[in-house]
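Encoded as structure tokens, the structure appears first; notes follow it.
Both backbone and side-chain heavy atoms feed into the values below; hydrogens, waters and symmetry mates do not. The structure displayed is predicted, hence computed values, not measured ones.
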Amino acid sequence: MTTVLTANKREKGSRSSLTQLRQNGAIPGVVYGYQMEPTTITVDARAFAKILATFGNKSVFHLDMDGRQINAVLTEVQRCALKGNVKHVDFKTINMSEELEVDIPVTVVGHAAGVADGGFLLQPNREVRIKVKPTEIPESIEVDVTNLAIGTSLYVGDIRQQFSLDILQEDDYTLVTITPPAAENEQEDDTVDDTPEVIEATGQNTAEPRE
């Protein structure tokens, strides 16, 4: 997965100047890393949004800077908390011949047997970190949950041998779990009214006071 994005150098500016850049359709950012001094840049907001929608944020970007193409990966995307639009991006240049660590999504495939029996599928961890060459970064890894019954889970140790990737999490890192359908109801049953039983003594109904 590779893509090209034009990056224009810019001078460091004030908050107002950055706001002006965004209003003009640009996203301020910085690029740093392998054989690269930290350099402030801007990228076109529409072009960046289109690339994210098409390739995702795990791609290797070819940043075109002054006619020079630089290989880089996204390390941070800052968004506006209210509008969700991108405010700032960080790129890290990489050596294409060396492995790097990257987080990739875990995609669930199949219909779990436990869900068919009324259970609920939960994904406590939706990404795994892998060590891989930049040209071999997958969009995601797929895990088959067909045989998962109620009360069982799928761990990294269960899938490690299925992929030629170096997954960095421990074997007990949970990916998927199937919970019982009545788990919440059973919990409610355990917390029913525990008022002490009223007993009859000396002709009157009394209850022992709680401590």
Side-chain angles (χ1 to χ4, degrees), residues 1-5 7 29-36 38 43 48-63 69-79 84 86 88-181 183:
M1 298 184 299
T2 59
T3 188
V4 178
L5 180 66
V30 63
V31 56
Y32 63 94
Y34 177 70
Q35 294 183 343
M36 184 78 184
V43 296
F48 182 75
K50 184 177 180 180
I51 289 172
L52 282 189
T54 304
F55 298 96
N57 60 359
K58 306 302 180 184
S59 302
V60 175
F61 288 78
H62 291 320
L63 297 182
Q69 284 201 352
I70 302 169
N71 300 312
V73 292
L74 267 175
T75 57
E76 185 176 5
V77 178
Q78 298 179 17
R79 295 182 180 273
V86 178
H88 192 277
V89 290
D90 287 11
F91 290 96
K92 182 179 180 180
T93 57
I94 56 176
N95 183 345
M96 295 294 285
S97 63
E98 293 183 356
E99 293 183 328
L100 71 157
E101 295 183 8
V102 60
D103 294 324
I104 59 171
V106 176
T107 302
V108 171
V109 296
H111 300 283
V115 172
D117 292 335
F120 297 95
L121 186 149
L122 302 178
Q123 252 186 293
N125 296 294
R126 296 178 178 270
E127 292 185 329
V128 292
R129 172 155 290 202
I130 63 173
K131 192 173 184 180
V132 65
K133 288 186 177 180
T135 55
E136 299 173 358
I137 300 174
E139 293 185 23
S140 65
I141 62 171
E142 294 184 346
V143 296
D144 189 350
V145 299
T146 303
N147 296 324
L148 282 186
I150 291 175
T152 63
S153 299
L154 187 70
Y155 303 95
V156 161
D158 298 322
I159 67 162
R160 193 181 296 279
Q161 301 304 318
Q162 300 175 22
F163 302 96
S164 58
L165 304 170
D166 183 7
I167 302 177
L168 302 182
Q169 274 87 1
E170 298 293 335
D171 283 350
D172 61 355
Y173 187 76
T174 306
L175 301 175
V176 182
T177 187
I178 309 296
T179 62

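- When every heavy atom of Leu175 is checked against every heavy atom of Ile159, the shortest pair comes out as CD1-CD1, 3.5 Å.
- For Asp103, the salt bridge (Lys or Arg N to Asp or Glu O under 4.0 Å) partners two or more places apart in sequence, or in a different chain, are Arg129.
- Taking all atoms of both residues into account, the shortest heavy-atom contact from Val60 to Pro134 is CG2-O, 3.4 Å.
- When every heavy atom of Thr75 is checked against every heavy atom of Phe91, the shortest pair comes out as OG1-N, 4.2 Å.
- At a threshold of 4.5 Å between non-hydrogen side-chain atoms, the residues His62 and Thr3 do not count as touching.
- Note: Glu76 CD to Asn57 CG = 12.0 Å, rounded to the nearest 0.5 Å.
- Interatomic distance, Ile167 CD1 to Lys131 NZ, rounded to the nearest 0.5 Å: 14.5 Å.
- When each of Ile178, Val176, Thr177 is tested with Leu122 by the rule side-chain contact (heavy atoms from CB on, under 4.5 Å), just one qualifies, namely Thr177.
- Scanning both residues, Val156 and Gln169, for their nearest heavy atoms gives CG1-O, 4.0 Å.
- Atom-to-atom distance recorded for Leu5:CG and Ile70:CD1 is 11.5 Å, nearest 0.5 angstrom.
- Inter-residue side-chain proximity for Ser59 and Thr54 is flagged as unmet; no heavy-atom pair is nearer than 4.5 Å.
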side-chain contact (heavy atoms from CB on, under 4.5 Å) between Tyr34 and Ile94: does it pass, once the steps are laid out?
CA-CA 5 Å; Tyr34 177 70; Ile94 56 176; 5.5 Å; no

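- Between Val143 and Val108, the closest side-chain pair of non-hydrogen atoms falls below 4.5 Å.
- You'll find the side chain of Val128 reaches within 4.5 Å of the side chain of Ile141, heavy atoms only.
- Here the straight-line distance linking atom CG of Leu165 with atom CD of Gln162 works out to 11.5 Å at 0.5 Å rounding.
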Evaluation steps, side-chain contact (heavy atoms from CB on, under 4.5 Å), between His88 and Val30
CA-CA 8 Å; His88 192 277; Val30 63; 4.0 Å; yes

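- Of the listed residues (Ile104, Asp166, Val102), just one forms a side-chain contact (heavy atoms from CB on, under 4.5 Å) with Val132, and that residue is Val102.
- In this structure, Asn147 CG and Thr152 OG1 are separated by 9.0 Å, a value rounded to the nearest 0.5 Å.
- The aromatic rings of Phe61 and Phe48 sit parallel to each other, their planes meeting at less than 30°, with 60° as the upper class boundary.
- For the atom pair OG1 of Thr179 and CZ of Phe120, the computed distance is 6.5 Å after rounding to the nearest 0.5 Å.
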Take His111 and Thr146 through the test side-chain contact (heavy atoms from CB on, under 4.5 Å) and record every step on the way to the result.
CA-CA 5 Å; His111 300 283; Thr146 303; 6.0 Å; no

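- Residues in residues 89-99 take part in no salt bridge (charged side-chain N to carboxylate O under 4.0 Å, His left out) pair, two or more places apart or across chains.
- Here the closest non-hydrogen pair linking Ala72 and Leu63 is CB-CD1, 4.0 Å.
- The closest side-chain donor-acceptor pair between Thr107 and Ser140 falls under 3.5 angstrom.
- Nearest heavy-atom pair, Gln123 versus Val106, reported as atom, atom and distance to 0.1 Å: NE2-O, 3.2 Å.
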Is there a side-chain contact (heavy atoms from CB on, under 4.5 Å) between Gln35 and Thr93 once you walk through the steps?
CA-CA 8 Å; Gln35 294 183 343; Thr93 57; over 6 Å; no

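- Crowding of Glu170 atom CD: a count of heavy atoms from other residues, nucleotides or ligands under 6.0 Å not exceeding 12.
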